[in-house]
Amino acid sequence: MKQILLVFTGGTIGSAAMGGTIKPSSNAPFKLLHLFEEHYHDHTSIHFDTLQPIQILSENLAPAAWETIIEAIESAQLDKYDGIIVTHGTDTLAYTAAALSFYFHALAKPILLVSSDYPLDNPKGNGLANFSCAVEFISQHIATGVFVPYRNAGQAMQIHRGSRLACSLQLSGDFYSVQGKSFMQFDGRFFLSVDYPVLESSSSTKPDQKNGTDNNDIGLLKPQFSNRILMIKPYPGLDYNHFNLDSVDAVLHDLYHSGTACATGQWGKNHSLLEFVKRCDEQGITVYLAPTIKSENAYQSTRELIEQGAEIIWNTSIEAAYVKLMLAYGNFSGKQQISNFIGSNIAFEQV
């Protein structure tokens, strides 16, 4: 019999629609188990132990909730389980998936985050299918690491690495891995390789073959995520004078799709990221840039930003970069330790 730890946190999959409002319901988590028993052909071979450390809609989530979820998981006797499933809302799914990916990078068990695009009572919802896929993933011992099974509307079920999942596209409920490369597909019975060998283990207890980093050198992480990381999104007319840096240790600046941001003072120095990097440097604040792919050629604006002292988090999604910075600054105080952690590929986050 397979033993699975099931951690309920709320979200749409843990909600019900009542009077035109979708809100968390105490009955929804156990409705998921009831539906699973009704539809899963071999449910008697699965035993679930359940925890519910929080019950919120994921848009209301703060990094402190990640600490609560992590502490709940670590409070269980993990050696007795074949895997862990965490139910979660979709709005901040990519961020929580990244947080668990980095924190549990050395855990030799699979953790799967399961969401739903509609409450479980809605027949259009994908929550039950996503959950059943997660159970099957654990039952078949596919891989260790953090993953997110999700079926987009009218598409095959995809399994994403937690460290590579991007937020849903605007005005859409669909999810994709960065560069559109999911870990594998599930046809309802078999897991089909997409970007990796089917039985590849993602356990980071082994040296990372991509960059040669032995992740054991990182040491034991604490579930501490700094609240002093400022993330800025680029848009035409962004005025950096609006930002107060008094309570900021580091800035993560998102980039346009070509890995660029405004570096000219043509429209005023207050609109130039180059000038903002200078201002941050004067206050001892490091500015990190992401996402962008490392290549031989880069736009002039990007080169100027690097020369001014901005640091690039290469080949990593903005969601993963943000969470990784929070964990780095929450665990390390030395600049070299932070730099080593940011540069390491501990959860296969680098594409």
Side-chain angles (χ1 to χ4, degrees), residues 58-59 61 63 66 86 88-105 111-113 115 143 145-150 152 158-170 172-184 194-196 202 204 208 210-211 213 215 225-226 229-235 250-261 286-295 298 302 305 310-330 338-339 341-351:
S58 74
E59 62 267 29
L61 179 146
W66 300 334
V86 179
H88 198 281
T90 55
D91 283 344
T92 55
L93 176 62
Y95 293 100
T96 300
L100 298 185
S101 295
F102 292 130
Y103 183 78
F104 288 112
H105 71 275
I111 300 178
L112 291 103
L113 287 87
S115 298
V146 177
F147 300 93
V148 179
Y150 198 88
N152 291 336
Q158 302 290 326
I159 295 87
H160 308 274
R161 278 198 184 276
S163 61
R164 298 189 182 189
L165 183 70
C167 286
S168 178
L169 298 174
Q170 294 180 18
S172 168
D174 293 343
F175 281 87
Y176 297 92
S177 295
V178 290
Q179 295 190 323
K181 297 178 181 178
S182 60
F183 181 72
M184 57 179 55
V194 175
D195 197 28
Y196 302 90
S202 64
S204 295
D208 181 351
K210 184 171 183 178
N211 60 15
T213 300
N215 296 307
F225 298 85
S226 173
I229 309 298
L230 172 65
M231 182 162 67
I232 298 175
K233 298 280 187 178
Y235 54 86
V251 172
L252 175 62
H253 200 293
D254 194 3
L255 299 173
Y256 293 122
H257 77 94
S258 53
T260 59
T286 302
V287 176
Y288 297 87
L289 308 178
T292 187
I293 296 295
K294 194 169 188 177
S295 63
T302 306
L305 291 167
E311 296 192 17
I312 307 290
I313 302 179
W314 296 106
N315 304 340
T316 304
S317 72
I318 190 65
E319 296 89 350
Y322 177 61
V323 174
K324 198 174 187 182
L325 277 173
M326 297 176 78
L327 193 58
Y329 277 81
I338 292 172
S339 179
F341 182 76
I342 295 300
S344 63
N345 190 26
I346 64 171
F348 294 87
E349 66 276 15
Q350 295 176 10
V351 297

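All figures in this text were calculated on a predicted structure; none of them were measured in a lab.
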Looking at residues at least two apart in the chain, or sitting in another chain, which of them share a salt bridge (charged side-chain N to carboxylate O under 4.0 Å, His left out) with Glu349? Lys324

Distance in Å, Tyr329 OH paired with Ile338 CD1, rounded so as to fall on 0.5 Å steps: 4.5 Å

Side-chain contact test, heavy atoms from C-beta onward, threshold under 4.5 Å: evaluate it for Ser101 versus Arg161 and give yes or no. no

In terms of heavy-atom contacts, Val178 and Ser317 come closest through CG1-CB, 3.4 Å

Close side-chain approach of Tyr288 and Ile229, heavy atoms under 4.5 Å: no

If you compare all heavy atoms of Gln350 against all heavy atoms of Ser344, which two are closest, and at what distance to 0.1 Å? NE2-O, 3.7 Å

Look only at the side chain of Thr92 and the backbone of Glu59, and say whether a donor-acceptor pair between them is shorter than 3.5 Å. no

Side chains of Ile346 and Phe341, heavy atoms from C-beta outward: is any pair under 4.5 Å? yes

Atom CE of Met231 and atom NE2 of His253: how far apart are they, to the nearest 0.5 Å? 11.5 Å

Report yes or no: does Glu319 contribute a side-chain atom to a donor-acceptor pair with the main-chain N or O of Cys167 at less than 3.5 Å? yes

Beyond-backbone contact of Ile342 with Leu325, side-chain heavy atoms, under 4.5 angstrom: yes

Minimum-distance pair of heavy atoms, taken over all atoms of Ser163 and Ala320: O-CB, 3.6 Å

Of all residues at least two apart in sequence or in a different chain, which pass the salt bridge (charged side-chain N to carboxylate O under 4.0 Å, His left out) check with Lys294? none

Single hit among Ile159, Leu93, Leu112 for side-chain contact (heavy atoms from CB on, under 4.5 Å) with Val148: Leu93

Is there side-chain contact between Leu165 and Tyr150, with at least one heavy-atom pair below 4.5 Å? no

When rounded to the nearest 0.5 angstrom, what is the spacing between OH in Tyr95 and CD1 in Ile318? 7.5 Å

Say you draw a straight line from OG of Ser115 to CG of Asp91; how long is it, rounded to the nearest 0.5 Å? 9.5 Å

Donor-acceptor check, side chain of Thr292 to backbone of Ala290, threshold 3.5 angstrom: yes or no? no

Can you measure from CG (Leu255) to OG1 (Thr260) and round to the nearest 0.5 angstrom? 7.0 Å

Between Ile232 and Val251, what is the shortest heavy-atom contact and its length? CD1-CG1, 3.9 Å

Anything under 30° is parallel, anything over 60° is perpendicular, the rest tilted; go ahead and classify Phe183 against Phe147. tilted

Counting C-beta onward and ignoring hydrogens, is there a side-chain heavy-atom pair between Leu61 and His88 closer than 4.5 Å? yes

With sequence neighbours excluded, what pairs up with Phe104 under the ring pair (Phe, Tyr, Trp, His ring centres under 6.0 Å) test? none

Below 4.5 Å, heavy atoms only, C-beta onward: do Ile293 and Val351 meet side chain to side chain? yes

For the atom pair CZ (Arg164) and CG (Asn315), what is the distance rounded to the nearest 0.5 Å? 9.5 Å

For residues Thr96 and Leu113, report the shortest heavy-atom separation together with the two atoms involved. CG2-CD2, 3.8 Å

Identify the two heavy atoms, one from Asp254 and one from Pro291, that lie closest to each other, and give their separation to 0.1 Å. OD1-CD, 3.2 Å

Using modelled atom types only, decide if a donor and an acceptor are shared between the side chain of Ser177 and the backbone of His160 within a distance under 3.5 Å. no

